[in-house]
Amino acid sequence: VTAQGTVTIGAKDILSLAGDDRAVYPRPSVGKLTLDISDSATTVTITPVGVGDLDYAPSGFVRVGSEVMAYTRAGDVLTLVRAQGGTSSTSHKVGDTVQQVGEFSGVKVQDILYELMTVGANISPAYIPESEWDAEQVAYLSRKYSALITAPTGVSKLIAELAEQIGFFMFWDEVGEKIRFKAIRPNAGTDAIYELTAERDILADSLSL
């Protein structure tokens, strides 16, 4: 409140939680190599003790340095298939970070977005109308997608890339308190079409070229 009585209120919607400054996917991993490994090693142990069960899926992909490896896990021991995702097998040093890779294999776009929102940005599923998202995908976005995300990347950046390449919008519906997902498409017969007029809808002098 200013001395003149002006009150300023700042507000953010739920999508601000997906901002690149606070949300990344996959989440940064903390496991590190306990020993140097050669470019042909097929097993590694990660530290600290117990981090495997806490921080890593039973199987999937990890990245060490610039190399991506497929793995299966038993406790803190990873059994590896080297040089995946177009990378080359190289040696690595004790203490190098073993980063869990985000993997999508033949996944529908709304399921990718759900994973990014709930896991990457820690947004409650209560804000996501899954049945509506599914219906939009079935009607307009039938393709499936595969990708390896090998380093923690901003959730907002990932969603923006998907939106540009696939063709959809995501936005916050402050009245319904839901995150809406819409394909870029012609209006369906049931979609309401609103006419905007200068007299009723557009604030004077608010538009410019």
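Residue indices begin at 1 and follow the sequence shown. The basis for the numbers below is simple: all heavy atoms, side chains too, and nothing from hydrogens, waters or symmetry mates. Just so it is clear, the structure is predicted and the values come from calculations on it, not from any experiment.
The hydrophobic cluster containing F181 also contains W172, counting ILVMFWY residues as joined when their side-chain heavy atoms lie under 4.5 angstrom apart, directly or transitively. Under the 4.5 Å side-chain heavy-atom criterion for grouping Ile, Leu, Val, Met, Phe, Trp and Tyr, V24 is not connected to M170 through any hydrophobic cluster.
T45 has its side chain out of reach of L35: every pair of non-hydrogen atoms, C-beta onward, lies at least 4.5 Å apart. Residues E115 and Y25 meet the side-chain proximity criterion, which asks for heavy atoms closer than 4.5 Å. Put simply, the side chain of T97 reaches to within 4.5 Å of the side chain of K32, judged on heavy atoms. In this structure, F168 and Q110 have side chains that are not in contact, with every pair of non-hydrogen atoms separated by 4.5 Å or more. Using a 4.5 Å heavy-atom cutoff, the side chains of V109 and Q137 are in contact. Proximity of L113 to I159: side-chain heavy atoms (C-beta onward) are separated by under 4.5 Å at one or more points. T43 has its side chain within reach of T79: a pair of non-hydrogen atoms, C-beta onward, lies under 4.5 Å apart.
The pair R180-E136 does not meet the salt-bridge criterion, since no charged nitrogen lies less than 4.0 angstrom from a carboxylate oxygen. A salt bridge does not link R27 to D55: none of the charged side-chain nitrogens sits closer than 4.0 Å to a carboxylate oxygen. Electrostatic pairing of D20 and K157 does not count as a salt bridge here, judged by no charged N lying under 4.0 Å from a carboxylate O.
The structure places OG of S146 at 8.0 Å from CD1 of I112, a figure rounded to the nearest 0.5 Å. Atom CZ of R73 and atom CG of D53 lie 4.5 Å apart (nearest 0.5 Å). One distance of note links CE of M117 with OG of S124; it measures 12.5 Å at 0.5 Å rounding. For the atom pair CG of D111 and CD of E130, the computed distance is 8.0 Å after rounding to the nearest 0.5 Å. Atom CZ of R63 and atom CD1 of I149 lie 12.5 Å apart (nearest 0.5 Å).
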What verdict does the side chain to side chain contact (heavy atoms under 4.5 Å, CB included) test give for D76 and T47, after you've listed the backbone C-alpha separation in whole Å, the side-chain angles of each residue and the deciding distance to 0.1 Å?
CA-CA 7 Å; D76 294 335; T47 188; over 6 Å; no

Output, in order, the C-alpha distance, side-chain angles, deciding distance and verdict of side chain to side chain contact (heavy atoms under 4.5 Å, CB included) for V94 and D36.
CA-CA 5 Å; V94 59; D36 293 351; 3.5 Å; yes

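Shortest non-hydrogen contact noted between P129 and I179 is CD-O, 3.3 Å. In terms of heavy-atom proximity, S16 sits nearest to R22 at O-CD, 3.3 Å. The minimum heavy-atom distance linking A18 with A121 is given by the pair CA-CB, 3.8 Å. The shortest non-hydrogen separation linking S156 to G19 is CB-CA, 4.2 Å. For the pair L17 and A23, the tightest heavy-atom approach, listed with the atom from each and the gap, is O-CB, 3.3 Å.
Grouping Ile, Leu, Val, Met, Phe, Trp and Tyr residues whose side-chain heavy atoms lie under 4.5 Å apart, directly or via other members, places V101 in a hydrophobic cluster with F61, V68, L148. Taking a 4.5 Å side-chain heavy-atom cut-off between Ile, Leu, Val, Met, Phe, Trp and Tyr, the cluster of Y71 extends to V30, L33, I37, V44, I46, V51, Y56, V62, V64, M69, L78, L80, V98.
Pairs engaging residues 80-103 under the salt bridge (charged side-chain N to carboxylate O under 4.0 Å, His left out) rule: E67-R82 [sequence neighbours left out].
The backbone N or O of Q100 sits less than 3.5 Å from a side-chain atom of S29, completing a donor-acceptor pair. The backbone N or O of A83 lies less than 3.5 Å from no partner atom in the side chain of S89, so there is not a single donor-acceptor pair.
Taking a 6.0 Å sphere around NZ of K178, one finds it holds more than 12 heavy atoms contributed by other residues, nucleotides or ligands. More than 12 heavy atoms of other residues, nucleotides or ligands lie within 6.0 Å of CZ in F104, so this atom counts as buried by the packing criterion.
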